[in-house]
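Notes follow the structure.
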Amino acid sequence: KGAISFKDVHFAYDAARPILKGISFEVPAGKTVAVVGPSGAGKSTLSRLLYRFYDIQSGAITVDGQDIRTVTQKSLRTAIGMVPQDTVLFNDTVAYNIRYGRTSASDGEVFAAAEVAQIAHFIETLPEGFETKVGERGLKLSGGEKQRVAIARTILKAPPILILDEATSALDTTTEREIQEALDLVSKNRTTLVIAHRLSTVISADEIIVLKSGEIAERGTHAALLEMN
Ligand code: ADP
Ligand code: ADP
């Protein structure tokens, strides 16, 4: 479930300056497609269009064959889990922060503390500081730990579609590797769109799209792209 299709998508924030110039690609259900390219190429814009922060000017974006403009925003956003680059946490416990994603997405669904704890443990999110408040006088979390909370939140929401927007780019190399492993677990069997800076972080993607100035410059598997360059 969750097959994504972009068909000849054109988008501009400002009519005078096109950002995406006819983008077509598909993410088959359960597969992972990575979008790489230089800063300003339009990568984040692509992911925002899928989440429908903005409407496209022409072309079509579909999920499971349905144009996203015909789906309610609520059901679209329930279907999509996003792990952003910088996770902002609530001034509350880790447990609260993990639960938030699901309760906000689906009408006060309440999760058993045990279930939340299990997920926190699974991604090693400080099980011992679990009920301690995050913040100045409480628990201090590193960037990597915050990302783990964001990932745990996404697991609990269990969306068929996952957007990882440079989710590890703000982290040091060791932490990046650890978080990458957690993300690989989460994205297994989910339709995943990964936005990345470097080709080396998306080796296992089913397809990699190289975006330059709003156009697809190259595409292929990691091995195929290495051969081309
Ligand atoms: P990338 O993720 O590849 O770095 P972005 O999608 O963030 O690229 O940005 C593509 C272009 O769109 C950039 O020139 C950026 O300045 C511009 N842009 C991004 N967000 C906005 C916005 N909200 N309003 C106007 N221009 C924007
Ligand atoms: P703006 O309205 O300022 O032009 P956006 O609507 O793209 O910008 O995004 C508003 C804020 O939400 C930005 O800080 C952006 O980084 C953040 N954001 C973008 N996509 C998501 C998302 N899928 N989930 C949560 N926050 C997001």
Side-chain angles (χ1 to χ4, degrees), residues 4-27 31-63 67-69 73 76-77 79-88 143-144 146-147 150-151 154 159 161-173 175-176 179-180 183-184 186-187 190-222 224-226 228-229:
I4 301 163
S5 161
F6 275 61
K7 278 200 195 81
D8 199 22
V9 167
H10 288 258
F11 176 75
Y13 293 99
D14 160 4
R17 199 172 146 248
I19 301 292
L20 296 175
K21 307 161 188 168
I23 300 296
S24 300
F25 68 93
E26 279 171 26
V27 193
K31 301 289 184 190
T32 296
V33 169
V35 181
V36 301
S39 181
K43 305 184 296 296
S44 290
T45 300
L46 261 190
S47 67
R48 288 181 201 155
L49 293 178
L50 180 60
Y51 214 67
R52 226 180 141 207
F53 273 111
Y54 304 96
D55 279 322
I56 59 178
Q57 272 93 32
S58 71
I61 302 174
T62 63
V63 170
D67 192 309
I68 61 169
R69 283 169 291 197
Q73 196 148 65
L76 180 68
R77 292 184 181 180
I80 301 173
M82 154 93 74
V83 179
Q85 185 168 7
D86 293 302
T87 302
V88 180
K146 284 187 192 163
Q147 280 308 68
I151 294 165
T154 306
I161 296 173
L162 204 57
I163 300 173
L164 310 175
D165 188 357
E166 311 215 38
T168 61
S169 66
L171 307 171
D172 63 76
T173 318
T175 313
E176 179 175 19
I179 298 294
Q180 196 59 53
L183 289 175
D184 286 347
V186 181
S187 58
R190 284 187 216 288
T191 311
T192 309
L193 185 64
V194 185
I195 309 294
H197 243 87
R198 282 174 290 128
L199 207 53
S200 62
T201 59
V202 291
I203 294 169
S204 59
D206 297 293
E207 185 179 34
I208 299 171
I209 288 170
V210 183
L211 198 65
K212 283 185 183 152
S213 307
E215 291 177 293
I216 296 179
E218 288 173 87
R219 65 201 302 167
T221 60
H222 186 262
L225 287 177
L226 281 188
M228 270 184 240
N229 290 291

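One-based numbering, in listed order, for ligands and for the atoms of each.
- For the pair Gly37 and ligand 1, no heavy-atom separation below 4.0 Å is found.
- Considering each of Ser213, Ser47, Gly40, the one bringing a non-hydrogen atom nearest atom 10 (C) of ligand 1 is Gly40.
- At distances below 3.5 Å, not a single donor-acceptor pair connects side-chain atoms of Glu207 with backbone N or O atoms of Arg219.
- Looking at Arg77, its side chain does come within 3.5 Å of a backbone N or O of Tyr51 through a donor-acceptor pair.
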Salt bridge (charged side-chain N to carboxylate O under 4.0 Å, His left out) between Glu166 and Arg198, intermediate numbers included: CA-CA 10 Å; Glu166 311 215 38; Arg198 282 174 290 128; over 6 Å; no

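- For Pro38, the heavy-atom gap to ligand 1 drops under 4.0 angstrom.
- Under 4.0 Å from ligand 1, the heavy atoms of Ile19 that appear belong solely to its side chain.
- Contacts between Arg17 and ligand 1, counted as non-hydrogen atom pairs separated by less than 4.0 Å, involve the side chain only.
- Distance alone, capped at 3.5 Å, is enough to place a donor-acceptor pair between the Gln73 side chain and the Arg52 backbone.
- For ligand 1, the atoms sitting less than 4.0 Å from at least one non-hydrogen atom of Arg48 are 20 (N), numbered in the order shown with element in parentheses.
- Counted by atom type alone, Ser44 and Asp165 present one or more donor-acceptor pairs between their side chains at under 3.5 Å.
- Near Ser44, the atoms of ligand 1 lying under 4.0 angstrom from a non-hydrogen atom of the residue are 1 (P), 2 (O), 6 (O), 7 (O).
- Residue contacts with ligand 1: Tyr54 is included, with a non-hydrogen atom under 4.0 Å away.
- Rounding to the nearest 0.5 angstrom, the gap separating the CD atom in Glu218 from the CG atom in Leu199 is 9.0 Å.
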